Amino acid sequence: MARRARLVGQGVAIGLVALLFILLAWSLLTDEAGTLAAQANRGDRPAAPDFTLERLDDEGELQLSSLAGKAVVVNFWASWCVPCKDEAPFLEEVWRENKDRDVVVLGLDSKDFRADALRFAKRFSLTFPLVYDGPGDEASSFGVTGFPETFVLDREGKVVAAFKGAVDDEDTRPRLLEAIDEALET
Amino acid sequence: MASAVALGLLCAGAASAAPPNAADLEAELVCPVCETTLDQSTAPVAERMKVFIRVRIAAGDSEAEIKDALVAQFGAGVLAEPPDGGFGALAWLLPLVGLLAGAVAVALLVRAWSRRDPPSGGAPSERLDPELERRVDDELARFDG
């Protein structure tokens with residue numbers, strides 16, 4: 001009886017350890033969001049996670065997949081983020097100069113107070129669509145680890161390029177514009 | 001007696017009406033970026049949350065109202081303690097269940113181990129082989145002289 005109990009206990013312990021290893025392997029293999037930027041910059045064009053978030057600039061909600069057919073520049077930002085302030089005027093410029101070309105700049109405010117985000121938008125006279133992701137869940141699904149981070153999606157919602165940090169410097173500006181052109185070619 | 005009860009009720013009412021303590025709240029809320037409690041974080045959003053807490057306390061909000069407002073902005077993850085209800089209840093229940101299961105397992109094992117000891121004063125112990133016993137006796141007799 002004691003031997004059977006010991007064998008059962010050993011079996012349970014081995015099973016638990018095996019289960020933990022399986023969970024670890026599954027987590028590593030299925031962590032697609034964490035490598036979204038890497039996949040995109042390798043040229044793999046991974047599908048961007050879809051989301052539906054409340055609008056900051058308007059009533060209602062906006063679903064990312066509703067923008068299918070257009071190239072979308074998804075910009076993750078927060079009002080407390082210093083580089084976000086630097087790049088905001090450039091993103092507004094990209095939006096104004098390209099919205100007639102089937103390009104949408106979509107600002108996704110994350111881990112921020114709504115009121116602070118609205119003040120930020122007003123301060124920089126942002127007119128592109130803005131959505132609110134207070135808990136940061138959608139930022140996590142894109143694998144965003146810091147702000148700002150920008151993803152360029154093609155007409156099918158696949159990620160063409162990803163940029164960590166502000167996109168308004170001399171090196172990144174032309175690369176962002178090239179990515180937008182590439183996204184429009186889909 | 002009645003006056004003592006009335007006094008007690010008055011004191012309880014006064015305690016519940018006392019404004020929340022900012023330092024206590026900062027220890028019970030988590031920075032959404034660095035995921036440490038606000039009192040340990042200097043992240044810009046954490047500083048902004050501390051200002052929000054002080055403004056809401058000055059406006060007369062209760063602790064629950066302040067926490068609810070921050071949860072509405074940042075989600076339930078901003079609470080340092082998981083909520084009591086729903087899925088959050090698992091965070092409270094699972095450690096207790098694990099502790100209980102462990103205690104039961106230890107009790108069963110101790111019981112099993114204690115039963116392995118042979119009972120005292122019962123059947124005689126296993127005897128040696130008679131031939132071997134005779135040889136041992138012969139060897140011992142040589143030492144007796």
Side-chain angles (χ1 to χ4, degrees), chain A residues 1-16 19-20 23 51-54 56 76-86 108-120 123 130-149 164, chain B residues 29-38 41-56 59 61 66-80 82-83 86-88 94 97-98 101-119:
Chain A
M1 176 69 186
R3 186 164 177 270
R4 181 195 274 186
R6 190 171 66 242
L7 285 172
V8 168
Q10 287 171 348
V12 168
I14 290 170
L16 280 173
L19 180 64
L20 284 172
L23 283 173
F51 57 75
T52 302
L53 293 170
E54 70 173 90
L56 269 176
F76 289 85
W77 64 281
S79 65
W80 44 262
C81 153
V82 172
C84 301
K85 296 170 190 170
D86 295 336
L108 199 154
D109 177 58
S110 197
K111 298 186 182 183
D112 204 359
F113 285 92
R114 283 187 190 82
D116 292 350
L118 288 168
R119 266 195 290 273
F120 182 102
R123 175 182 168 191
L130 299 170
V131 290
Y132 181 68
D133 173 31
D137 294 338
E138 304 313 330
S140 295
S141 72
F142 271 73
V144 171
T145 55
F147 300 130
E149 193 160 342
K164 289 186 186 288
Chain B
L29 291 158
V30 171
C31 166
V33 171
C34 53
E35 297 181 348
T36 61
T37 51
L38 295 184
S41 174
T42 57
V45 66
E47 295 298 328
R48 183 65 188 88
M49 291 169 76
K50 291 175 196 174
V51 169
F52 177 86
I53 288 168
R54 280 164 174 74
V55 166
R56 297 321 309 164
D61 286 2
I66 294 171
K67 285 184 176 178
D68 287 348
L70 287 170
V71 168
Q73 299 276 345
F74 299 103
V78 78
L79 298 171
F87 188 74
L94 282 178
V97 167
V104 167
V106 166
L108 288 173
L109 282 170
V110 166
R111 198 169 157 207
W113 290 335
S114 65
R115 279 188 181 166
R116 271 192 221 162
D117 296 333

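So you know, we letter chains A, B, ... as the sequences are listed, proteins then strands, and number each from 1. Everything quoted here is computed from the prediction, not taken from an experiment.
Residue contact with chain B, scored on non-hydrogen atoms closer than 4.5 Å, is absent for A/Asp137. Neither the backbone nor the side chain of B/Ala43 comes within contact range of chain A, judged by heavy atoms closer than 4.5 Å. In this structure, chain A has no heavy atom under 4.5 Å from any part of B/Leu108. Proximity to chain B (any heavy atom under 4.5 Å) is restricted, for A/Tyr132, to the side chain, taken from C-beta onward.
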Using the rule given for side chain to side chain contact (heavy atoms under 4.5 Å, CB included), can you reason through B/Gln73 versus B/Val78, listing the C-alpha separation, both sets of side-chain angles and the distance that settles it, and then say yes or no? CA-CA 9 Å; B/Gln73 299 276 345; B/Val78 78; over 6 Å; no

CA sep, side-chain torsions, deciding dist, call: B/Val71, B/Leu79, side chain to side chain contact (heavy atoms under 4.5 Å, CB included): CA-CA 8 Å; B/Val71 168; B/Leu79 298 171; 3.8 Å; yes

Worked verdict on A/Ser110 versus A/Phe147 for side chain to side chain contact (heavy atoms under 4.5 Å, CB included): CA-CA 9 Å; A/Ser110 197; A/Phe147 300 130; 3.5 Å; yes

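Under the 2.5 Å SG-SG cutoff, B/Cys31 and B/Cys34 do not qualify as a close cysteine pair.
For chain A, the option among B/Pro32, B/Gly75, B/Ala72 with the highest count of heavy-atom pairs below 4.5 Å is B/Pro32.
Taken from CE in B/Met49 to CG in B/Leu38, the straight-line distance is 4.5 Å, to the nearest 0.5 Å.
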